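Not measured: the values here are computed from a predicted model.
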Amino acid sequence: MIQVKQLKKQYKQAVVLDVDQLEIPNSECFGLVGNNGAGKTTLFRIMLDLVRATSGSVSIDKQDVSKTETWKATTGAYLDEHMLLTYLTPDEYFQTLRKIYGMSEADLDVHLEKFTELFNDEILGKKKYIRDLSKGNLKKVGIVAALMGRPEVVFLDEPFENLDPSSQIRLKKFILAEKEASQTTFLISSHDLNHVTEICDRIVLLEKGKIINDLRDKSAMMAELDAYFTG
Amino acid sequence: MIFELIRLQFLKSFRSTAFAKSAMANIFLGFLILLLLGYVFGAGIFLPRIIELLAEGQDPIDVMNSYLIFFFLAEFMYRYFLQTLPVIELESLLHLPIGKGKIISMLLIRSFISAMTIIPILLFLPSAFQIIEPIYGASGAVFWVGSIAMTSWTLHWFMLWFKQRFEDGLIGIIVVFAVLALGAGSSYMGWFNLGELTKPIFDLALTSPVPIVIMAAAMIGTFVLCRKFYLDNAYLEDLAAEAEIRFVGQSIGFFSRFGLAGELANLEWKLIIRHKKSRTYLMLSAFFLLYGLVFYTNPAYQSEDGGISWIFIFVGVFITGIFMIQYGQQFLSWNSANFDFFLNRKDGIEALVKGKYLLFISISVICFLASIPYVYFGWNILLVHIATFLFNIGILIHVIIYLALWKPKPMDLNKGAMFNYEGVGAAQFLIIIPLMAGPYLIYLPFSLLFNDYAGLLALAISGIIGLFAFKPLSQYNINRINANRYEISSSFRQES
């Protein structure tokens with residue numbers, strides 16, 4: 001379970017994030033939506049301890065993320081290319097992660113096997129560094145890397161952005177299947193309302209750093225979001 | 001249109017985050033360049049007298065003309081290492097409706113505006129007025145300086161073409177070494193006298209305008225060649241992007257014995273091999289191995305009583321530790337593009353730092369082993385190297401890393417290393433102080449109180465103590481990163 005308490009992020013005078021209380025139970029698929037500058041990425045970064053919170057705390061499985069590191073072993077994340085080693089080829093990158101997570105070659109093969117369709121023969125076995133991949137392929141590498149090592153919690157920032165339509169559908173199917181099979185908690189931010197409403201059990205709407213709506217009713221989600229974003 | 005492009009160039013350099021963030025470093029650098037040019041000019045003024053002192057009784061003009069070719073060989077070398085290629089800006093302009101020819105001409109001419117362009121004039125103009133003008137008249141002086149400047153500028157365009165065409169390739173390295181061998185071969189080995197062979201050309205320049213006309217034509221020719229080459233290759237994949245995977249850096253099996261830290265040392269090795277900037281640093285370490293030849297053979301540093309010249313300590317520190325000194329200065333900046341990756345792994349930072357320690361120590365060992373042949377110049381030198389090597393891996397390594405962790409800055413690894421001061425802040429300048437003073441602080445008291453060998457022993461022992469204290473010392477540096485992780489990662493993401 002992820003708990004956020006009285007979280008605040010302030011740059012000088014400007015408050016960019018102000019979340020009083022947020023609890024995400026295990027195996028929930030949590031969607032985060034909001035316009036540009038609403039604080040989605042900042043919230044994720046603070047939850048992953050990449051940015052210091054001005055006040056308040058985040059805990060994953062009852063561990064304060066800024067004080068311990070054990071939660072990192074069961075948390076996967078892909079926010080942006082800073083989280084990749086762009087000077088490696090995708091194969092080398094996955095090998096490196098394999099060693100970091102202590103997986104066997106067979107484990108890795110099983111894991112990559114699941115993404116054969118998503119990769120579409122454009123990623124593995126190619127002599128190309130990650131930095132030279134197209135944006136869509138870069139994203140695929142990051143997402144697949146975030147899902148390595150049987151994580152219990154997965155953070156994805158705009159996972160559908162830059163992906164082609166068939167890849168978007170494949171990714172969506174995969175997330176749903178994974179949630180079903182291994183009770184993984186997903187935290188997904190997205191601008192694509194159709195996709196998030198389809199896969200997420202719950203959607204939180206962020207505006208100027210504040211949670212202004214917490215939608216749990218799947219049937220009403222789309223209508224409410226539509227109403228908000230149409231203005 | 002040309003003016004608009006020039007204006008854009010100015011804006012680009014003034015508004016780049018690197019410029020604003022390291023304004024002090026830039027000002028310092030500006031002064032340094034002015035100072036160096038001042039020295040060159042000073043050397044130019046005193047050149048005739050220096051020649052008179054060195055070659056007594058000979059005609060200074062004769063001497064100068066017979067050594068000019070070596071000046072150009074040296075110029076070839078420093079241009080090869082320092083001259084930067086102006087193609088990086090190409091990307092943002094190519095898609096606009098501006099003629100390619102205009103863009104290329106602008107970039108080329110911009111590259112011409114540099115300190116290197118005026119070095120030959122600063123160096124030789126004073127001599128021309130002091131010793132040539134009285135004998136050959138004003139026209140002789142102008143023809144002479146003119147042909148020197150034209151030759152130098154021909155080299156400028158030639159080098160722009162040469163580097164773009166052959167850099168990173170075997171041919172480039174072969175040609176550079178051939179030039180080195182040509183210079184060294186003719187003077188030291190006495191195979192042939194290059195100076196005497198080329199002297200008539202410069203002698204002719206004293207009385208006739210033919211050489212200056214020929215060299216001017218050569219300069220224009222190389223400019224046209226260069227411009228045509230750039231024009232033909234003005235595509236992103238040809239110029240801006242780095243060539244295909246040529247260095248498919250292999251993993252080093254030896255590291256895998258060290259677990260996760262070894263794995264990250266391997267990663268770091270790949271990072272070094274696959275980026276231009278770090279590759280240059282690695283190449284420099286190889287060059288610095290030859291550094292000893294300058295000092296150990298110099299009679300000025302040989303003492304009759306068998307003692308050790310104090311400067312050898314400095315040389316030893318550099319030879320065995322140049323890589324950790326240069327690369328370590330920007331300790332975390334190398335990983336600035338991927339820092340979040342390490343933050344997001346369990347014990348990622350610790351493994352990253354330990355991996356770097358492992359890599360630094362390994363390369364230091366290699367440098368030490370490669371420097372053993374210096375024993376040819378005396379056993380003392382081997383002792384100096386052993387002592388400084390132990391000191392480097394025991395003490396200096398921690399000091400460098402400690403200082404480098406003071407406000408690390410992000411940098412782009414795909415740009416060249418020379419005169420690229422991205423990732424350099426005050427800390428990188430301050431590192432020089434403990435680097436120079438540190439070894440002497442330990443060496444001098446013992447060497448003055450007892451003898452030079454006691455000083456070396458003290459250096460070695462302090463290094464060994466440092467090795468035993470490796471765990472707490474490295475842990476201290478790791479803790480420092482962990483404590484500052486938010487600031488470091490946000491500055492690497494170029495925020496705020």
Can you name the residues that form a ring-ring contact (aromatic ring centres under 6.0 Å, His included) with [X], not counting sequence neighbours?
X	answer
A:Phe30	none
A:Tyr101	none
A:Phe155	A:Phe44

Side chain to side chain contact (heavy atoms under 4.5 Å, CB included) evaluation trace for B:Tyr486 with A:Leu50: CA-CA 6 Å; B:Tyr486 305 110; A:Leu50 296 172; over 6 Å; no

Residues B:Glu263 and A:Lys99 bridged, charged N to O under 4.0 Å: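 Yes, charged N to carboxylate O under 4.0 Å.
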
Ion pair B:Arg345/A:Glu69, N-O distance below 4.0 Å: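 No.
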
Heavy-atom pairs under 4.5 Å with chain B, option from A:Thr70, A:Leu48, A:Thr75 with the top count: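 Max contact count across the listed options: A:Thr70.
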
Choice from A:Leu79, A:Leu97, A:Thr68 maximising heavy atom contacts with chain B below 4.5 Å: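 Sorted descending by pairs with chain B, the first entry is A:Leu97.
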
Proximal to chain B - members of residues 143-150 of chain A, heavy-atom separation under 4.5 Å: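 Counting heavy atoms that sit under 4.5 Å from chain B, no residue of residues 143-150 of chain A is involved.
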
Audit row: B:Ser489, A:Arg52, side chain to side chain contact (heavy atoms under 4.5 Å, CB included) steps and yes/no: CA-CA 10 Å; B:Ser489 78; A:Arg52 192 206 306 273; over 6 Å; no

Check: A:Lys72 side chain, B:Leu343 main-chain N or O, donor-acceptor pair, under 3.5 Å: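 At least one qualifying donor-acceptor pair exists.
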
Exam field: side chain A:His82 to backbone B:Asn338, donor-acceptor pair closer than 3.5 Å: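 No, the answer is negative, given that no donor and acceptor are paired below the 3.5 Å cut-off.
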
Part of A:Ile100 within contact of chain B (heavy atom distance under 4.5 Å):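 Backbone plus side chain of A:Ile100, per the 4.5 Å heavy-atom cut-off to chain B.
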
is_close_aromatic(B:Phe341, A:Tyr93), centroid dist under 6.0 Å: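 Yes - the distance between ring centres of B:Phe341 and A:Tyr93 falls below the 6.0 Å cut-off.
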
